[in-house]
Amino acid sequence: MIITIDGPAGSGKSTVAQLVAQRLGYRYLDSGAMYRALTWQALQAGIHLCDSRALTRLLSRTRLTMRQTKVGTRWFVNGRDVTRVIRAERISQVVNDIAAVPVVRHWLHRLQRRIAQGGEVVAEGRDMGTVVFPRARWKFFLVASFPERVRRRMAQLHAQGHHVSRVSIARALKRRDARDRRRTLHPLRPAPQAIKVDSTQLAPEQTVAAILHLINPH
Ligand code: C5P
């Protein structure tokens, strides 16, 4: 069984998807981390994020792997642990560029499906329910008001020791969302059968409870 949770940045997807996976004893697939990891690698290699030929060459020498540990998932690019560096604001600001490149999306989709083989996975991202796992048993689309998403993003960055102003967070979030929604290939949108969950007024635990209740009402 595959459960997909899609939604815009700051909608609470990551926390909720991890908790749902934990409660069900499923694996957790953070597809955003994969786009971030490739962005990090392309920047390291000095490759322009829209240069699809250079990216194709880069992908041919890239091994992207994940390891589930007790304290969460760790991501590795050619054996190097990139779990922390891929969360940098610098990556958030440019990750849409690489996410719009077809060869990158197709390469990651294949990897995402391979990781999910055998089922029992909670897959989180932008196109999990629409494109990657169209036959998923349960599909959720998480939303939250814009001010609340900005507030969450700010709290998250502050907790990581990054002090960024509200205005610049709001600007960056708006821009990233607009680009994810407007992208020609696999834009952010709910799958036709997706259940919309508005988490604006909900604590993560409440959102998780609502999802678990829908999956298993007894
Ligand atoms: O989920 P997260 O905010 O870490 O995702 C980072 C970026 O990766 C998104 O803004 C989007 O451009 C891209 N992404 C995507 N498709 C996914 C997951 C993430 O295009 N399934």
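The shown structure was predicted, so the numbers you read here are calculated from the model rather than taken from an experiment. When a ligand or atom number is given, it counts from 1 through the structure's own listing order.
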Quiz item: Heavy-atom contacts under 4.0 Å between Arg176 and ligand 1: side chain, backbone, both, or neither?
Solution: side chain
Quiz prompt | Min heavy-atom dist Arg183 to ligand 1 below 4.0 Å | solution = yes
Exercise. May I ask you to identify the nearest protein heavy atom to atom 4 (O) of ligand 1, giving residue, atom name and distance to one decimal place in Å?
Key: Arg36 NE, 2.7 Å
Exercise. Please determine, by modelled atom types, if Arg114 and Gln117 share a side-chain donor-acceptor pair under 3.5 angstrom.
Key: no
Quiz prompt | Partner residues of Arg152 under the side-chain hydrogen bond (donor to acceptor under 3.5 Å, both in side chains) criterion, sequence neighbours left out | solution = Glu148, Ser199
Quiz item: Are Tyr28 and Glu124 linked by a side-chain donor-acceptor pair shorter than 3.5 Å?
Solution: yes
Quiz item: Which atoms from ligand 1 have a heavy atom of Asn96 less than 4.0 Å away?
Solution: 10 (O), 12 (O)
Quiz item: atom 14 (N) of ligand 1: which protein heavy atom is closest, and how many Å away?
Solution: Tyr35 CD1, 3.6 Å
Exercise. Of the side chain and backbone of Met128, name the one, both, or neither that has a heavy atom under 4.0 Å from an atom of ligand 1.
Key: side chain
Quiz item: Between His106 and His186, what is the ring plane arrangement, given parallel below 30°, perpendicular above 60°, and tilted in between?
Solution: perpendicular
Self-check item: Distance from atom 18 (C) of ligand 1 to nearest protein heavy atom, with residue and atom
Solution: Ser31 OG, 3.4 Å
Quiz item: Which atoms of ligand 1 are found less than 4.0 Å from any heavy atom of Lys13?
Solution: 1 (O)
Quiz prompt | Sub-4.0 Å heavy-atom contact, His186 with ligand 1 | solution = no
Quiz item: Which ligand 1 atoms, with their elements, are less than 4.0 angstrom from a heavy-atom of Gly125?
Solution: 18 (C), 21 (N)
Quiz item: If you count the atoms of ligand 1 from 1 in the order shown, which ones are under 4.0 Å from a heavy atom of Asp127?
Solution: 16 (N), 17 (C), 21 (N)
Quiz item: Which residue holds the protein heavy atom closest to atom 20 (O) of ligand 1, what is that atom called, and what is the gap in Å?
Solution: Arg105 NH1, 2.8 Å
Practice problem: For Arg179 and ligand 1, answer yes if some heavy atom of the residue is under 4.0 Å from a ligand atom, otherwise no. | Solution: no
Exercise. Measure from NZ or CZ of Lys174 to the centre of the six-membered ring of Phe146, then state whether that distance is under 6.0 Å and the direction lies within 45° of the axis.
Key: yes
Quiz item: Counting from 1, what ligand 1 atoms have a heavy atom of Val95 closer than 4.0 Å?
Solution: 6 (C), 7 (C), 8 (O)
Quiz item: Among protein heavy atoms, which lies nearest atom 1 (O) of ligand 1, and at what distance?
Solution: Arg126 NH1, 3.0 Å
Quiz item: Which residue supplies the protein heavy atom nearest to atom 12 (O) of ligand 1, what is that atom called, and how far is it?
Solution: Asp180 OD1, 2.6 Å
Quiz item: Should the proximity of Ala99 to ligand 1, defined as any heavy atom under 4.0 Å, be assigned to the side chain, the backbone, both, or neither?
Solution: side chain
Self-check item: For Ala100 against Arg183, the heavy-atom pair lying closest together
Solution: CA-CD, 3.9 Å
Can you list, pair by pair, the side-chain donor-acceptor contacts under 3.5 Å of residues 43-51, counting residues two or more places apart and other chains?
| residue | atom | partner | partner atom | Å |
| --- | --- | --- | --- | --- |
| His48 | ND1 | Cys50 | N | 3.2 |
| Asp51 | OD1 | Arg53 | N | 3.3 |
| Asp51 | OD1 | Ala54 | N | 3.1 |

Quiz item: Side chains of Arg105 and Tyr35: donor-acceptor distance under 3.5 Å anywhere?
Solution: yes
Quiz item: Judged by atom type as modelled, is there a donor-acceptor pair below 3.5 Å linking the side chain of Asp6 to the main-chain atoms of Asp127?
Solution: yes
Exercise. Apply the test salt bridge (Lys or Arg N to Asp or Glu O under 4.0 Å) to residues Asp177 and Arg149: give CA-CA distance (whole Å), side-chain angles for both, the deciding distance (0.1 Å), then the verdict.
Key: CA-CA 11 Å; Asp177 270 356; Arg149 292 194 290 122; 2.5 Å; yes
Self-check item: Nearest heavy-atom neighbours spanning Ile86 and Ala33
Solution: CD1-O, 3.7 Å
